[in-house]
Amino acid sequence: MSASLHSFDALYRGSPDPWMTETRWYERRKRALVAACLPHEHYGSAYEPGCGNGILTEALAARCDEVLASDGCDLAVAAARRRLAAIGHVVVERHVLPDDWPSRIFDLVILSELVYFLDAAAIEETGRLVRGSLSDIGVAMACDWRAPIAGYGHSGDEAHRRLADAIALPLAFEYRDADFIVSAWSRDTRSIAMRESMR
């Protein structure tokens, strides 16, 4: 992983919500769009690495039978565990990508505001692991900030492209605006209308 975990520790020491995910309209809107874009109404199992303080995990829990969330920062893991303590079907663990990727199959893998923190080799390995972790109906989703990121060798857009190449599955959908991009890949690219026999 290219980003220093010490820098994340410093952020979380300063605030349990360093990106203001609870208070910024930008963050609330982005989270709502990510949830609305999920092509299945419900998922059996989900994995969310880079979960931060667990606020997106909380939304995913309402759509999944079980959620494994993780972060490489101890303080983020502690914050997520506090937030999610009352939700019995969510487990939060400390994982550093790609080394700690779980040996399990998931119906949903979601990488939110994570990929641009990885170097090129870690993005490639993470994409390979994502593909290998998806069930036959599984969906991999990524959400990335598109503006330049100081101190990193690639932009969010470039990181997103590298991830797409590494996952190497058909694109199920994509949403893009001036600030962020949301994409999903799956072996099953039927639209929601197709799934519900509307077309």
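Nothing here was measured: the structure is a model prediction, and the numbers come from that model.
- Going from atom CD1 of I167 over to atom CD1 of I123 covers 10.5 Å, rounded to the nearest 0.5 Å.
- Note that CZ of R104 is 6.0 Å distant from CG of L68, once rounded to the nearest 0.5 Å.
- By the side chain to side chain contact (heavy atoms under 4.5 Å, CB included) test, L84 pairs with T57, E58, A80, I87, V90, V92, sequence neighbours left out.
- Cluster membership check: F117 shares its hydrophobic cluster with I110, using side-chain heavy-atom separations under 4.5 Å among Ile, Leu, Val, Met, Phe, Trp and Tyr.
- With a 4.5 Å cut-off on side-chain heavy atoms, V139 and L38 do not count as touching.
- Looking at E113 and K30, their side chains come closer than 4.5 Å, going by heavy atoms from C-beta outward.
- H40 and I137 get closest at one heavy-atom pair: NE2-O, 3.5 Å.
- Applying the side chain to side chain contact (heavy atoms under 4.5 Å, CB included) test to P170 and every residue at least two apart in sequence or in another chain returns T189.
- Aromatic ring pairs are classed by plane angle as parallel below 30°, tilted from 30° to 60° and perpendicular above 60°; the pair Y26 and W145 is perpendicular.
- R81 has no carboxylate O lying under 4.0 Å from a charged side-chain N of E93, or vice versa, which leaves the two without a salt bridge.
- There is a side-chain donor-acceptor pair under 3.5 Å between Y47 and S70.
- A 4.5 Å side-chain heavy-atom check between D157 and D144 finds every atom pair outside the cut-off.
- We find the OG-CG distance between S112 and L56 to be 5.0 Å, quoted to the nearest 0.5 Å.
- Between D177 and R146 the shortest heavy-atom distance is O-NH1, 2.7 Å.
- Hydrophobic clustering (side-chain heavy atoms under 4.5 Å, transitive across Ile, Leu, Val, Met, Phe, Trp, Tyr) groups Y175 together with L60.
- Nearest heavy-atom pair, A166 versus R131, reported as atom, atom and distance to 0.1 Å: O-NH1, 2.6 Å.
- Scanning both residues, L97 and P49, for their nearest heavy atoms gives CD1-CB, 3.7 Å.
- When atom types are taken as modelled, the side chain of R162 and the backbone of A120 share no donor-acceptor pair closer than 3.5 angstrom.
- Between R161 and E158 there is no salt bridge, since no side-chain nitrogen of the basic residue lies less than 4.0 Å from a carboxylate oxygen of the acidic one.
- For the pair H89 and A61, the tightest heavy-atom approach, listed with the atom from each and the gap, is NE2-O, 2.9 Å.
- With contacts defined as side-chain heavy-atom distances shorter than 4.5 Å, the pair M141/V109 does not qualify.
- Judged purely by distance below 3.5 Å, without hydrogens or angles, the side chains of S183 and E174 pair a donor atom with an acceptor atom.
- Side chains of D188 and R195 form a contact here, defined as non-hydrogen atoms less than 4.5 Å apart.
- Side-chain N/O atoms of W101 and S133 include a donor and acceptor closer than 3.5 Å.
- The distance from atom CD1 of I192 to atom CE of M194, rounded to the nearest 0.5 Å, is 12.0 Å.
- For the atom pair L114 CG and L163 CG, the distance stands at 9.0 Å (nearest 0.5 Å).
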- Message: Please evaluate residues C143 and F180 with respect to the criterion side-chain contact (heavy atoms from CB on, under 4.5 Å), reporting the C-alpha separation (whole Å), side-chain torsions for both, the decisive distance (0.1 Å), and the verdict.
- Response: CA-CA 7 Å; C143 175; F180 65 91; 4.0 Å; yes

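- To the nearest 0.5 Å, atom CG of residue D71 and atom SG of residue C51 are 5.0 Å apart.
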- Task: List the steps, then state whether side-chain contact (heavy atoms from CB on, under 4.5 Å) holds for R83 with E22.
- Result: CA-CA 12 Å; R83 175 184 295 280; E22 295 189 71; 2.9 Å; yes

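- Nearest heavy-atom pair across Y43 and L108 is CD2-CB, 3.7 Å.
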- Verdict with reasoning, R190 to E196, per salt bridge (Lys or Arg N to Asp or Glu O under 4.0 Å): CA-CA 10 Å; R190 291 175 299 159; E196 296 195 336; over 6 Å; no

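- L118 and L129 end up in the same hydrophobic cluster when Ile, Leu, Val, Met, Phe, Trp and Tyr side chains are linked at under 4.5 Å.
- Remark: D165 pairs with no residue by the side chain to side chain contact (heavy atoms under 4.5 Å, CB included) rule, at least two apart or across chains.
- Taking the side chain as every heavy atom from C-beta outward, H95 and P102 approach each other to under 4.5 Å.
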- Take W185 and F173 through the ring pair (Phe, Tyr, Trp, His ring centres under 6.0 Å) test and state the conclusion after the steps. CA-CA 7 Å; W185 303 270; F173 73 83; 8.8 Å; no

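- Look at D74 and R94 and you find a salt bridge, because one of the NZ, NE, NH1 or NH2 atoms lies within 4.0 Å of a carboxylate O, short of that distance.
- L134 places a side-chain heavy atom less than 4.5 Å from the side chain of L169.
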